[in-house]
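Encoded as structure tokens, the structure appears first; notes follow it.
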Protein chains: 2
Amino acid sequence: MAVDRLYALLERLGNLLRTEERAAGLPHGLQPVHLQALRYLQSCNRYSNTPAALTEYLGLTKGTVSQTLLLLEEKGLLRKQADTQDRRVIHLLLTEAGRAVLKEALPPELFKRALTGLPGEGEALEEALTGLLRSLQAANAQRSFGACGTCKHFKREGPGRFRCGLTQEPLSREDSQLLCREHEAVPPAH
Amino acid sequence: MAVDRLYALLERLGNLLRTEERAAGLPHGLQPVHLQALRYLQSCNRYSNTPAALTEYLGLTKGTVSQTLLLLEEKGLLRKQADTQDRRVIHLLLTEAGRAVLKEALPPELFKRALTGLPGEGEALEEALTGLLRSLQAANAQRSFGACGTCKHFKREGPGRFRCGLTQEPLSREDSQLLCREHEAVPPAH
DNA sequence: GCATTTAGTATCGAGTCGATACCAATCGGC
DNA sequence: GCCGATTGGTATCGACTCGATACTAAATGC
């Protein structure tokens, strides 16, 4: 029974967010999925700003995402840059216009206002939702797209010096806060 | 900053649910919004099973919802019944087939599985999400569509005997658990 | 080297969704 | 009562999402 109620709650919240997002994108002629793509590209690292990564993130098919990107490029909100190593790969970079739109539209004003009344800045809620999301992603065999610094491959080498255990690349403090498509959550301590 | 993270979390959860829902509806040729409509109609009371109420619940326009209902009626998942009092109003009733589809499809299997691992049956999460939803609905000047028994018009008249302070109608125990479009949350105690 | 896999694009059709226009019934003044 | 305003619902249209399928090109594996 509790499962049904939780499901209904999440569905309703999702719809509300979507409606808000639709309204927020309307002045710019953007749909919810466009804003979501822009937001992802703004917060992902340099290995995860490709159509394929975005496809996994959004949970859509690559054909659908390809169309979305075409539209965003036409509107001048992002540009494509060929990868120097792998000539099949394309990197998606937000333009200044893209950043500006995002800054104006997300999160929607009403969402921010509704959240100010939340107890304890919503820390507990954030933790609970993260747990739920990880659980759902695990059940779906989906990537988690967490922040680099919370990944099990993340290694501390000194004050302000980090490294990725997977690519062996050094990481800056800013890097550690970006989303990574290779992210794997640290298994919870028992 | 915490607002951004919370927003991202909710957006992602919403997308995941939507993807699940899409998959769950596919075998029946139904879209997410169709399942949502069926679920609402299953759990709302007899004053709230109209196109207008569903429109408010889903946050769409009445034209859009009218189309959705046309499709569901064609598929034999619901039937329409004219109101005896107000001849403009139509009541939407799930058919057996509609109930069957819903029972099979929602909540999606993976969601149920993901939730079993949640601490404390998710009671705390449910409470937090309810608070967030109410807050968002208030900010949006939207109706809350809560269960009748949690409404400020709900009156206890004795063991198992209730009454709605708005319509003055007597309510059964089952009535008290159904969603109502006139629902207004009890203001939180200070 | 050659089959397989992976990254991305192109095209098509089904369907959502909002906007606009419309009709019928009810309600509110008076 | 009566007439304008409001409410409940439908119809139609166009923009857009999304999945499915088919395709190209580059990389990978054996």
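Numbered from 1 within each chain, the chains take letters A, B, ... in sequence-line order.
With distances taken from any side-chain atom of I90(B) to the nucleotides dT16(C), dT10(D), dC17(C), the minimum falls on dT10(D). You'll find that the side chain of V33(A) is closest to dC18(D), out of dA7(C), dC17(C), dC18(D). Considering only side-chain atoms of A52(B), the nucleotide from dT9(C), dG9(D), dC18(D) that sits closest is dG9(D). Among the nucleotides dG8(C), dT9(C), dT26(C), the one closest to any side-chain atom of K80(A) is dT9(C). Proximity note for L70(B) (side chain, C-beta onward) versus dA7(C), dC17(C), dA11(D): the nearest is dA11(D). Comparing dC18(D), dC16(D), dG8(C) by their closest approach to the side chain of T64(A) singles out dC18(D). With distances taken from any side-chain atom of R87(A) to the nucleotides dG19(D), dA27(D), dT12(D), the minimum falls on dA27(D). Of the candidate nucleotides dT10(D), dG8(C), dG18(C), dG18(C) has the atom lying nearest to any side-chain atom of T61(B). When distances are taken from the side chain of Q67(A) to each of dA7(C), dT16(C), dG19(D), the shortest belongs to dG19(D). Proximity note for R88(B) (side chain, C-beta onward) versus dA7(C), dG15(C), dT7(D): the nearest is dT7(D).
If you take CG of D86(B) and P of dT7(D), they are 12 Å apart, rounded to a whole angstrom.
Under a cutoff of 6.0 Å and an axis angle of 45°, R12(B) and Y40(A) do not form a cation-pi pair.
The residue among L71(A) and K62(B) whose nearest nucleotide of DNA chain D is located toward the 5' end is K62(B).
Residue-level contact check: T50(B) touches the backbone only, with heavy atoms under 4.0 Å from sugar-phosphate atoms and none from bases.
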